[in-house]
Structure formats: structure tokens, C-alpha cells
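The basis for the numbers below is simple: all heavy atoms, side chains too, and nothing from hydrogens, waters or symmetry mates. Note on naming: letters A, B, ... go to the chains in the order of the sequence lines (proteins, then strands), and numbering restarts at 1 for each one.
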Amino acid sequence: MIDKLNSPQREAVTLPPQHALVLAGAGSGKTRVLTTRMAWLIQTGQVSPLGILAVTFTNKAAREMTARVSSILPIDIRGMWIGTFHGLCNRMLRAHHRDAGLPQAFQILDTADQLAAIKRLLKANGVDDDKYPPREVQRFINGAKEEGQRPGDVEAYDNFRRRMIEIYALYEAQCQREGVVDFPELLLRAYELLSRNEPVRAHYQRRFKHVLVDEFQDTNTLQYKWLRLLAGGGASMFAVGDDDQSIYAFRGANVGNMSDFERDYAHGTVIRLEQNYRSYGHILDAANALISHNNGRLGKNLWTEQGEGEQIRVVEQPTDLSEAQWLVDEVRGLISDGRERSQIAVLYRSNAQSRVIEHALFSAGVAYKVYGGLRFFERQEIKHALAYLRLMANPDDDTSWMRVVNFPPRGIGARTLELLGDQARAFDTSLSSAVARVPGKGGSNLAQFAMMINKLSFETRLLPLPELVEHVIAHSGLMAHYEQDREGADRIENLNELVNAAAAFVIEADMAGLPAGVVVQAPMTGATTVIADAGQDVVLDPMQEGFNGLSPLMAFLSHAALEAGDNQAQAGQDAVQLMTVHAAKGLEFDAVFITGIEEGLFPHENSVSDPSGLEEERRLMYVAITRARERLYFSLAQSRMLHGQTRYAMRSRFLSEVPDVHMKWLTPKQGLSDSEPRWKTSHYAGDTYGRQVAPRAAPVPPKMLASGVTVGAQQFRVGQGVRHARFGEGTIIGLAGTGLDAQAQIQFRDVGAKTLALGVAKLDIVQS
DNA sequence: TCCAGGCCCGTTTTT
DNA sequence: CGGGCCTGGA
């Protein structure tokens with residue numbers, strides 16, 4: 001098990017029970033160390049599978065971890081707590097729902113449900129949603145929860161925040177009344193449960209001897225607090241992460257947790273995995289050199305025993321269109337050289353860049369796959385069906401009620417619903433319970449809807465899950481509605497797929513044990529136990545309690561909320577992989593294209609003004625580079641269409657942070673302040689292997705580039721020096737628009753980057 | 001209730 | 001430019 005490991009890997013795997021921080025560089029065998037560690041602890045008898053808690057961020061990572069542990073050790077992994085933060089907290093809350101102050105059948109709101117609930121709340125309370133936009137409110141509430149703060153804990157230093165806090169409190173009351181829980185609430189409730197309830201805390205602290213955390217650099221404040229509580233009874237915490245791959249600060253991740261952890265727990269037990277098994281030398285050294293420009297790193301230098309390999313191929317094109325065209329030609333070359341399409345990845349900083357590339361690939365007939373679209377359980381028709389199903393389980397779920405009360409349309413208008421809402425509020429009940437209080441025609445339509453929900457509940461109460469789902473889809477009017485819709489074919493197919501998903505879910509639960517909830521199964525005897533409220537184990541009949549004490553429907557609904565499904569458009573067939581750099585984290589490919597490496601795009605203009613933002617962009621570039629095994633391309637365009645206007649940008653600073661020796665320019669590399677157009681001709685003769693590249697027509701250089709943008713009597717170009725009365729001297733790093741609408745992005749020497757309207761700002765041109 | 005057209009906005013995203 | 005959202009008129 002451990003003899004195939006290198007020495008730091010083996011050291012990490014076989015560490016005695018103590019806290020440790022493993023700094024695992026890209027491609028250094030992180031998952032292998034984590035899973036082997038678990039298997040080793042079990043095999044050497046140091047801990048039973050039940051004493052291990054392993055936590056990840058994504059379901060995919062959790063599945064992979066489970067699969068790899070069970071492939072190393074032929075043990076029953078059913079009783080092990082391997083899962084996502086949210087999945088494990090859900091499991092804990094179901095088991096101790098009473099102590100946590102929740103109904104056992106609490107529903108989970110996904111991000112969209114939560115937003116809908118907030119909109120409804122603001123309307124009901126007459127909050128001005130211009131001053132308090134729902135998204136802003138959502139950010140505020142989730143931000144507070146992720147810091148572990150309830151309304152009473154948030155500091156109210158101005159009126160705006162005071163009002164926000166009031167809204168937060170109202171929102172909490174609404175969720176509580178409806179029996180629903182949003183994503184951050186799952187974590188916060190579980191944390192509060194452990195911190196306030198001594199018996200429950202003692203139970204879990206006694207149980208878990210080893211707590212292992214994947215992607216530790218992505219944890220937020222609350223997740224770290226939760227871990228500290230769980231491990232507070234003497235468990236060993238084994239945290240694996242890479243501060244250089246921290247790219248989720250914008251959603252609350254706190255890289256600082258890593259250095260805090262080292263200080264508070266690891267006390268110097270820091271193991272560095274620096275040998276990289278993925279990439280060749282040029283690629284790795286480029287990544288090392290780039291990331292060395294960041295400050296405050298925990299420190300790490302990747303190396304490889306593989307040779308230096310090929311240099312990074314760099315291409316600069318005049319426009320985004322020609323960049324895409326070049327890319328398609330190059331991709332076809334790679335394919336005709338015998339590379340698999342699925343081993344070719346095209347990465348970009350932002351989703352908007354994909355369209356031009358998709359268009360070019362599509363026109364050329366190259367199969368491709370785009371990651372990041374709508375996921376299965378997020379589709380409109382699926383969310384509607386789930387809303388009906390939720391009402392079967394809990395008619396007081398107002399979010400679901402509102403979603404389908406008039407879908408398909410059944411003559412219940414805004415006016416009626418407003419009335420219903422008023423009644424519900426006046427009597428402090430759910431919408432469902434307030435139906436009888438609404439008179440008139442709208443009221444009778446409402447009553448009919450409520451009756452239908454009741455009838456459906458009754459009809460389906462004894463049905464197995466797949467038939468239940470099928471029945472609800474068929475008799476709620478959903479199916480009929482989409483059958484009438486000329487463009488409803490896809491939606492019908494998805495609804496049928498939902499029935500299949502329910503069937504698969506039941507089979508999976510039978511075979512692999514329990515997807516969510518509280519059951520713990522002893523590996524040898526197969527006896528099923530449920531952790532009771534006071535932390536005592538109660539044996540249940542496994543045949544009766546197949547879903548952890550939850551009904552199959554409830555378990556399925558939790559599953560749907562916690563695992564929204566694949567977010568890749570078309571599965572199957574061998575296809576070129578298109579995705580954002582964020583989505584590529586954790587993946588690897590033989591050949592990688594990093595596109596749009598321009599100032600303003602990568603690093604993104606919204607991030608360059610503050611140092612920490614720029615460093616995160618640099619880490620993003622580091623992640624992108626380290627995805628490549630053999631071949632890496634950098635590409636950029638001098639101009640591109642963005643927001644309906646042509647924009648001009650300079651080469652990204654990241655290009656100059658990679659030493660020249662690692663790069664080979666396939667297009668001419670010239671100075672930026674050159675007044676000549678940088679683009680001369682487009683042909684480059686073959687690659688380093690001498691493969692001949694078919695000659696093609698030279699793209700036409702954009703006419704505007706040489707002259708730049710003209711405003712009044714002044715002509716502005718990218719790279720030009722300018723002086724501003726207040727901001728001082730600077731360099732134009734981006735131009736967009738024409739005439740009086742034209743804007744320039746300027747990097748000032750003293751005050752940083754600013755975007756100025758050229759029709760307004762007074763600028764002098766400085767001769768360099 | 002429904003749909004068309006105007007309007008606004010534009011980084012990254014998992015649970 | 002293009003998508004999502006809201007509003008106002010039929």
C-alpha cells in the first residue's frame with residue numbers, strides 16, 4: 001500500500017495520530033495521500049472505519065475519495081463519514097433535528113430558492129428593493145452566516161446595516177416557520193448544535209478519531225470552526241491543501257485558515273509534497289516562476305523527474321476572431337497527430353469568451369463540450385416537479401407553493417396571491433393554511449389547487465418513489481402543459497429523466513447504503529444503527545429504515561438539493577473540453593490552451609486594483625498552467641469584442657512574469673510602445689516537431705489599432721504614456737469604444753489603475 | 001394571463 | 001452584442 005509512495009508522501013500517510021498540514025502542490029498525489037492515509041489507519045488497526053471523518057467540497061471529490069479508499073481496502077465503507085461539508089451537516093441535522101430545532105423533514109433551499117424566498121420576504125414586508133436589492137440581501141445574509149453570525153452578532157454601525165440585520169432576522173423567522181434551510185444554514189446549524197449541545201458534541205468527539213480535510217485552502221471561517229469543534233475531543237486533524245491554488249476568496253474562502261491551522265494545530269508538522277507527476281519541466285518552471293511573484297506564500301517549489309519537455313507555445317493574434325481561428329487550426333493539427341479530443345482543453349478566464357471559440361469549433365466541425373451550463377436539477381421543469389414533490393412532503397413550504405401555485409397557469413393571479421399572503425401573515429400561518437380565508441373567484445381557484453395537492457399526497461402515499469414521481473408529474477398538470485408546448489419536447493424528456501433518476505436513486509440506496517442521513521452500518525454484521533438525539537446508538541430494522549429514517553421521497557429531495565447533477569452539457573463522445581480556469585481546477589490534460597491572456601481580462605480588470613485580487617488572479621493563472629501534462633499554449637488577442645464594443649488591450653503582465661526560456665513565440669514578439677502595428681503576418685512555419693502547418697490567409701490587421709482611438713484632436717493608443725492633472729503619469733493599458741463614448745483604462749504610477757472617459761477626462765500625451 | 005419590447009448590465013461558483 | 005428581467009398594454 002505504501003511502498004509505491006515517495007518519501008514525503010509516505011511520511012504523511014504514516015504519521016502518528018497528531019495534527020498535520022500537508023502542503024500538496026499541483027499534481028503531487030494529493031488525493032492518493034489522503035485516501036492511502038485513511039486505508040493505512042484502518043488497516044493498521046489504529047481506527048475503525050467509523051472513527052474517520054473525511055470532508056471535501058464537491059460531491060465529485062467525495063465520490064472519488066470513497067471509490068479510491070474502497071479500491072485499496074476491501075472494507076464496507078458504508079459507515080464511514082466521507083462527504084461534502086453540506087452533506088455531512090445535513091446528515092447530522094437529520095439525526096438530531098429536534099436538538100437542532102428543525103422538523104425532521106426540513107427542506108433544503110438551493111441558491112435560487114433562497115433568492116425567491118428573499119424576494120417574497122421583501123415584498124411581504126414592504127421593503128424597498130431598490131435600496132435593498134434581493135441579491136445584496138442574500139449576499140449579506142450568507143456572508144454573516146459564513147462568519148458564524150446570527151442577526152444579533154452582526155455589528156450595526158450604520159442605518160443601512162441595521163435594516164439589513166432586521167431583514168436577516170425576518171428571513172430567519174420565515175425559514176423557521178416554513179421548515180426550510182439554506183446552504184450556509186446547514187453549516188451554521190450543525191456548528192451551533194455541536195457547540196451548544198454537550199452530549200451530542202461529546203458523542204461525535206468521541207467517535208471521530210481522525211478528521212481529514214481536502215482542499216483546505218478553500219474552507220471558510222465557519223467550516224474551520226465546525227472542524228475545530230469536531231476535532232476538539234482529541235481527534236487528529238489532517239488538512240491537505242495548496243495555498244497557491246486558492247482561487248475562491250470571492251465566495252468566502254479564507255486562505256488564512258492555512259496559516260492559522262499551522263500555528264494552532266500543526267505546530268510545525270507541515271509536510272510538503274513538491275514532486276510533480278503531471279507536467280514536464282518547462283511547464284512546471286513557468287508555473288513556479290509566475291507564482292513566486294506572490295507574497296506571503298507558505299512556500300513550495302514543484303519539481304519533476306520528467307525531462308524539460310516542450311516550451312510553451314505563445315501566439316498573439318490581432319482579434320478574438322483570429323485567435324479562435326488559429327486555435328481551431330491548431331486543435332485540428334493536434335487531433336490529426338493522433339491526440340484524443342478529450343485530452344485537449346481550452347481554458348478561458350470568463351464564460352463570455354467561449355462563444356467565439358465555440359462558433360469557430362462548430363463551423364469547423366470539431367466536436368467540443370462546454371462545462372458550466374445549467375445542471376439537471378436546476379432546470380425549470382425539474383424545479384417545478386420538485387416543488388410539487390416538496391409539497392407532498394411539506395405543504396407549508398411557501399417557496400415551493402409560490403413556485404407552482406399558478407404553474408401551469410390556473411387562473412390565480414398576482415392580486416389573489418397578494419391577498420393570500422396578507423391572510424397568511426395576519427394569522428401567522430403558511431400560505432397553504434391560509435387558503436380558506438381568501439374569498440371570491442381567485443379563492444375558489446386557490447381552493448382547487450390546495451385540493452389537488454391534498455389529493456396527490458393521498459394518492460401517492462403508498463407508492464414507491466419512482467411511481468410517486470411519475471404520478472405527480474402526470475397529475476399535477478406539468479406533463480400536459482409541456483405536451484401542449486411546441487418547444488416542450490426537451491422538457492418532457494427531462495421530466496422522464498427525473499423518474500429514471502428516482503429509480504436509480506432507490507437502487508443505489510439499496511446497494512450502496514445510504515445517500516444522506518444518519519444511519520451507521522457496522523461493517524461486519526451489517527447491523528444498522530441510528531445515532532439518537534442524546535448521542536446513544538439505537539438499533540433499527542434495516543429493512544424498514546432504508547433511508548436513514550427519512551422517507552424515500554425526503555431522501556431524494558435532499559439528494560436533489562445537495563447534488564444538482566452534472567454541469568457539462570453533452571456527455572459521451574470524445575470531444576475537446578472548453579471551460580473556465582476555475583472549472584479546470586483539479587483536472588489535467590495532455591494539451592492545454594490558455595486563451596485571452598490580456599490585461600483587463602486575465603488578470604481581470606475588476607481584480608487588478610487591489611493587491612490581494614491581483615494575487616488571486618495570479619494563482620488562477622498558476623492553476624491554469626499546471627493543468628497541462630505535455631503541451632501548453634498561451635494565446636492572446638490585441639482586440640476583442642466585449643459588451644458590444646471593440647476593446648484593445650495589452651499583453652498580460654503574467655506573460656512577462658514567465659521567463660522567456662520557457663516560451664516559444666509562434667507569432668512575432670515586439671515591443672509594446674512600437675508605433676507600428678504589432679501584427680505583421682500570420683504565418684508561422686510548423687511546430688517544434690517540424691510538423692507542417694497548412695498555410696492560410698493572413699488575417700487582416702485591424703485598421704484602428706495603429707491609430708487607436710481618436711477623441712477630439714487627440715489620438716490614444718494602448719501602451720501610450722499620459723498625464724492627468726490629479727492622478728499623475730500613467731500608461732494606457734486598455735481602450736474601448738469610439739468618439740465621446742471612448743474609455744481608457746490607465747495604469748497610473750502612483751494611484752493604480754483607473755478607467756476614464758476620454759470625452760471628459762483631460763489627458764496630456766507624454767512622449768516616451 | 002400573456003407576450004413583446006424596452007432596459008440594464010456584463011468575472012470567477014459549489015453546496 | 002446578448003441575455004435576463006421587468007413592465008405595460010392587449
Side-chain angles (χ1 to χ4, degrees), chain A residues 55-62 83-90 108-115 119 129-130 133-135 139 142 145-146 181-188 190 214-215 218-220 222-223 246-253 320 347-356 359 371-375 377-378 380 406-417 442 445 485 516 558-567 579-586 596 600-608 613 616-617 619-621 623-624 640-647 736-737:
Chain A
V55 61
T56 63
F57 278 86
T58 65
N59 292 297
K60 195 173 155 217
T84 63
F85 279 99
H86 293 84
L88 296 175
C89 287
N90 175 51
I108 299 165
L109 300 185
D110 68 17
T111 309
D113 297 332
Q114 183 190 30
L115 190 64
K119 283 181 182 165
D129 55 8
D130 280 336
R135 286 190 184 281
R139 240 184 42 134
N142 291 351
K145 288 187 180 184
E146 278 161 11
V181 165
D182 58 42
F183 284 135
E185 183 74 19
L186 281 171
L187 298 175
L188 183 52
D214 189 20
E215 304 279 15
D218 290 338
T219 51
N220 64 33
L222 180 56
Q223 285 158 341
S246 163
I247 56 173
Y248 286 115
F250 72 91
R251 69 175 196 210
D320 49 349
L347 309 185
Y348 34 81
R349 175 65 180 83
S350 67
N351 288 304
Q353 289 166 254
S354 77
R355 207 147 41 75
V356 176
H359 181 78
Y371 284 73
L374 253 200
R375 292 136 99 228
F377 285 110
E378 290 168 354
Q380 184 210 101
N406 197 39
F407 193 94
R410 44 177 75 90
I412 299 171
R415 181 80 199 98
T416 307
L417 290 173
N445 287 343
D485 188 343
S558 294
H559 167 77
L562 289 174
E563 190 161 357
D566 248 341
N567 68 356
M579 66 191 84
T580 63
V581 179
H582 282 90
K585 187 174 162 223
L601 199 59
F602 201 179
H604 197 274
E605 56 190 336
N606 296 359
S607 306
V608 292
E616 181 144 322
E617 295 287 313
R619 291 192 293 270
L620 204 46
M621 185 69 181
V623 167
R640 70 174 64 236
M641 202 61 163
L642 200 65
H643 307 333
Q645 50 184 9
T646 306
R647 293 175 45 127

Distance, rounded to the nearest Å, where [X] contributes [atom1] and [N] contributes [atom2]:
X        : N      : atom1 : atom2 : value
A:Tyr348 : B:dG10 : OH    : P     : 20 Å
A:Lys585 : B:dT11 : NZ    : P     : 21 Å
A:Gln645 : C:dC1  : CD    : C1'   : 10 Å
A:Asp214 : B:dT14 : CG    : C1'   : 14 Å

Return the 5'-most residue of the pair A:Asp110, A:Ile247 with respect to DNA chain B, ranking by each residue's nearest nucleotide.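 That would be A:Ile247.
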
More 5' along DNA chain B: A:Ala564 or A:Glu617, using each one's nearest nucleotide? A:Glu617

Choose from [options] the nucleotide whose nearest atom is closest to any side-chain atom of [X].
X        : options                : value
A:Arg375 : B:dT13, B:dT11, B:dT15 : B:dT15
A:Arg355 : B:dG10, C:dG2, B:dT13  : C:dG2
A:Ser607 : B:dT13, B:dT11, B:dT15 : B:dT11
A:Thr58  : B:dT13, B:dC2, B:dT14  : B:dT14
A:Ser350 : B:dT1, B:dT11, B:dT15  : B:dT11
A:Arg251 : B:dT15, B:dT14, B:dT11 : B:dT14

So what does A:Phe57 touch, heavy atoms closer than 4.0 Å: a base, only the sugar-phosphate, or nothing? sugar-phosphate

Using a cut-off of 4.0 Å on non-hydrogen atoms, how would the nucleic acid contact of A:Asp218 be classed: base, sugar-phosphate, or nothing? nothing

Under a 4.0 Å N-O cut-off, is there an ion pair linking A:Arg139 with A:Glu146?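 Result for this pair is no, no salt bridge flagged.
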
Can A:Asp218 and A:Arg251 be counted as an ion pair, charged N to O under 4.0 angstrom?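 No, A:Asp218 and A:Arg251 are not salt-bridged.
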
Please confirm whether the shortest side-chain N or O distance from A:Asn351 to OP1 or OP2 of B:dT11 is below 4.0 Å. no

Does A:Thr84 place a side-chain N or O at less than 4.0 Å from the phosphate oxygens OP1/OP2 of B:dT14? no

Centroid separation A:His582 to A:Tyr371 less than 6.0 Å: no

Can you tell me if A:His604 is stacked onto the base of B:dT11, using a 5.5 Å centroid cut-off and an angle below 30°?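 The base of B:dT11 is stacked with A:His604 (centres under 5.5 Å, planes under 30°).
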
